[in-house]
There are 2 protein chains.
Amino acid sequence: MNENEASELFGSLSNPDRLKVIRALVEAGPEGMSAGDIAVKIGASPSRASFHLAGLADSGLILRERQSRSLIYRVNFERIGGLVTFLMEDCCRGSTSLRKCCGI
Amino acid sequence: MNENEASELFGSLSNPDRLKVIRALVEAGPEGMSAGDIAVKIGASPSRASFHLAGLADSGLILRERQSRSLIYRVNFERIGGLVTFLMEDCCRGSTSLRKCCGI
DNA sequence: TTCATATTTCAATTATCCTTGAAATGTATA
DNA sequence: TATACATTTCAAGGATAATTGAAATATGAA
């Protein structure tokens, strides 16, 4: 992961609707959640939800799979973890001060 | 930290120049670094560097202090740590899958 | 095939962000 | 005071991102 890739991922997280999507999908677990249910859960119109889901899926932060008429979305922990690792280890050079500040 | 605040911080990190600034300031350590030196280090014009420094300082990710003619910037690990904690614990509910994915 | 459901895509509009270079501000020194 | 240095601020223009509602696509069922 380089600075350009990381900055795009941070951009994907720079919106309250998209953070709500991530949270909803973490709660939903491995079963995932349909686009329609996500839209209701985050309080957005179908097209607005779809717009944000597309952004998250394009950046790889969430995964999409069709199940009959529905599109099921799931969180991609590997991608989120990769971004956290970039920030902690690469960008911030594994700073122990930073580690203390997030209790890990 | 709530979704709106976190999304603003992620927005602050959603630019390669600003990630370079963070990295430079982590390297610089507690002594910090002047705006001019940062501009040279990240390869940006003074006004462009200043624009990005202002964004980072406004969001609290970096701290600023005047020293004679120079403005010295330092990284604010507490703020970055707060964001990582939000993402790991609040947004992603302390998911063990996510922890494994960033090796922490 | 025809209809309903689920979701995306598109076009138009508005809003936000980024870059550039010139001008303004604050600080120190002669 | 006058001058140089360090940095920011401003205005203008261009680039991206977000919102809305209508239309298009994909799937499944009658």
Side-chain angles (χ1 to χ4, degrees), chain A residues 3-25 28 31-75 83, chain B residues 2-25 28 31-75:
Chain A
E3 256 144 23
N4 289 306
E5 197 179 352
S7 69
E8 279 177 22
L9 292 188
F10 284 127
S12 290
L13 296 177
S14 70
N15 176 285
D17 282 346
R18 291 193 291 264
L19 289 180
K20 287 194 190 92
V21 167
I22 301 280
R23 191 196 296 264
L25 292 184
E31 278 187 33
M33 212 169 167
S34 73
D37 288 348
I38 294 169
V40 171
K41 177 101 180 180
I42 72 172
S45 70
S47 83
R48 188 169 138 203
S50 179
F51 170 79
H52 289 302
L53 287 168
L56 288 166
D58 284 353
S59 67
L61 290 170
I62 64 176
L63 304 168
R64 165 167 46 195
E65 179 195 6
R66 182 170 284 280
Q67 255 178 40
S68 177
R69 269 188 290 211
S70 296
L71 285 169
I72 302 299
Y73 287 90
R74 293 184 182 80
V75 69
L83 182 60
Chain B
N2 58 28
E3 257 144 22
N4 290 305
E5 197 180 352
S7 70
E8 278 177 22
L9 292 187
F10 284 127
S12 289
L13 296 177
S14 70
N15 176 286
D17 282 345
R18 291 193 292 263
L19 288 180
K20 288 193 190 92
V21 168
I22 300 279
R23 191 195 296 264
L25 292 184
E31 279 187 35
M33 211 170 170
S34 74
D37 288 348
I38 294 169
V40 171
K41 177 99 179 181
I42 72 171
S45 71
S47 82
R48 186 170 138 201
S50 179
F51 170 81
H52 289 302
L53 287 168
L56 287 166
D58 283 353
S59 67
L61 289 170
I62 65 176
L63 304 168
R64 165 167 45 195
E65 180 194 6
R66 183 171 285 278
Q67 255 178 38
S68 177
R69 271 189 289 213
S70 297
L71 284 169
I72 302 299
Y73 287 89
R74 292 183 184 81
V75 70

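Here is how names work: the chains are called A, B, and so on, in the same order as the sequence lines, proteins then strands, and each is numbered from 1.
Side-chain atoms of B/R74 do not come within 3.5 Å of backbone N or O of B/A28 as any donor-acceptor pair. A/S50 contributes no side-chain N or O that, together with a main-chain N or O of A/P46, makes up a donor-acceptor pair within less than 3.5 Å.
Atom P of nucleotide C/dT5 and atom CG of A/D37 are separated by 15 Å, given to the nearest angstrom. Per the geometry, CZ belonging to A/F51 stands 14 Å off C1' belonging to C/dA12, to the nearest Å. In this structure, the CG atom of A/N4 is 15 Å from the C1' atom of C/dC18, given to the nearest Å. In this structure, the NZ atom of B/K41 is 19 Å from the P atom of D/dA6, given to the nearest Å. Separating the CG atom of A/L13 from the C1' atom of D/dA17 is a distance of 15 Å, rounded to the nearest angstrom. Remark: C1' of D/dA6 and CG of B/L53 are 13 Å apart, rounded to the nearest angstrom. Atom pair A/L56:CG and C/dT8:P shows a separation of 12 Å (rounding to whole Å applied). With rounding to whole Å, B/E65 atom CD is found 18 Å from C/dG26 atom P.
For D/dT27, the OP1/OP2 oxygens have no side-chain nitrogen or oxygen of A/S70 closer than 4.0 Å. For D/dA6, the OP1/OP2 oxygens have no side-chain nitrogen or oxygen of B/S34 closer than 4.0 Å. Within the structure, a side-chain polar atom (N or O) of A/Y73 is placed less than 4.0 Å from OP1 or OP2 of C/dT8. Remark: B/H52 is not in phosphate contact with C/dC17, judged by side-chain N or O atoms under 4.0 Å from OP1 or OP2. The shortest distance between the side-chain N/O atoms of B/R66 and the OP1/OP2 oxygens of C/dG26 is not below 4.0 Å.
Defined by atom type and a distance below 3.5 Å, a donor-acceptor pair is present between the side-chain atoms of A/S59 and A/S12.
The 5' end of DNA chain D is approached more closely, in terms of each residue's nearest nucleotide, by A/R18 than by the other of A/Q67 and A/R18. When each of A/R69 and B/R48 is assigned the nucleotide of DNA chain C bearing its nearest heavy atom, the one mapping closer to the 5' terminus is A/R69. Mapped onto DNA chain D by nearest heavy atom, B/I72 and A/N15 fall at different nucleotides, with B/I72 at the one closer to the 5' end.
A/D17 has its side chain out of reach of A/V21: every pair of non-hydrogen atoms, C-beta onward, lies at least 4.5 Å apart. Side-chain contact between A/L71 and A/L53: absent, with no pair of heavy atoms (C-beta onward) separated by less than 4.5 Å. Annotation: side chain of A/L19 is in contact with side chain of B/F10 (closest heavy-atom distance under 4.5 Å).
Checked against D/dA18, C/dT27, C/dT7, the side chain of B/S68 finds its nearest nucleotide in C/dT27. The nucleotide whose nearest atom lies closest to any side-chain atom of B/D17 is, among C/dT8, D/dT8, C/dT19, C/dT19. Counting only heavy atoms from C-beta on, A/R64 has its side chain closest to C/dT8 among C/dT8, D/dA4, D/dT7. Among the nucleotides C/dA22, D/dT19, C/dT8, the one closest to the side chain of B/S47 is C/dA22.
When heavy atoms are screened at a 4.0 angstrom cut-off, A/S50 is found touching base atoms of the nucleic acid.
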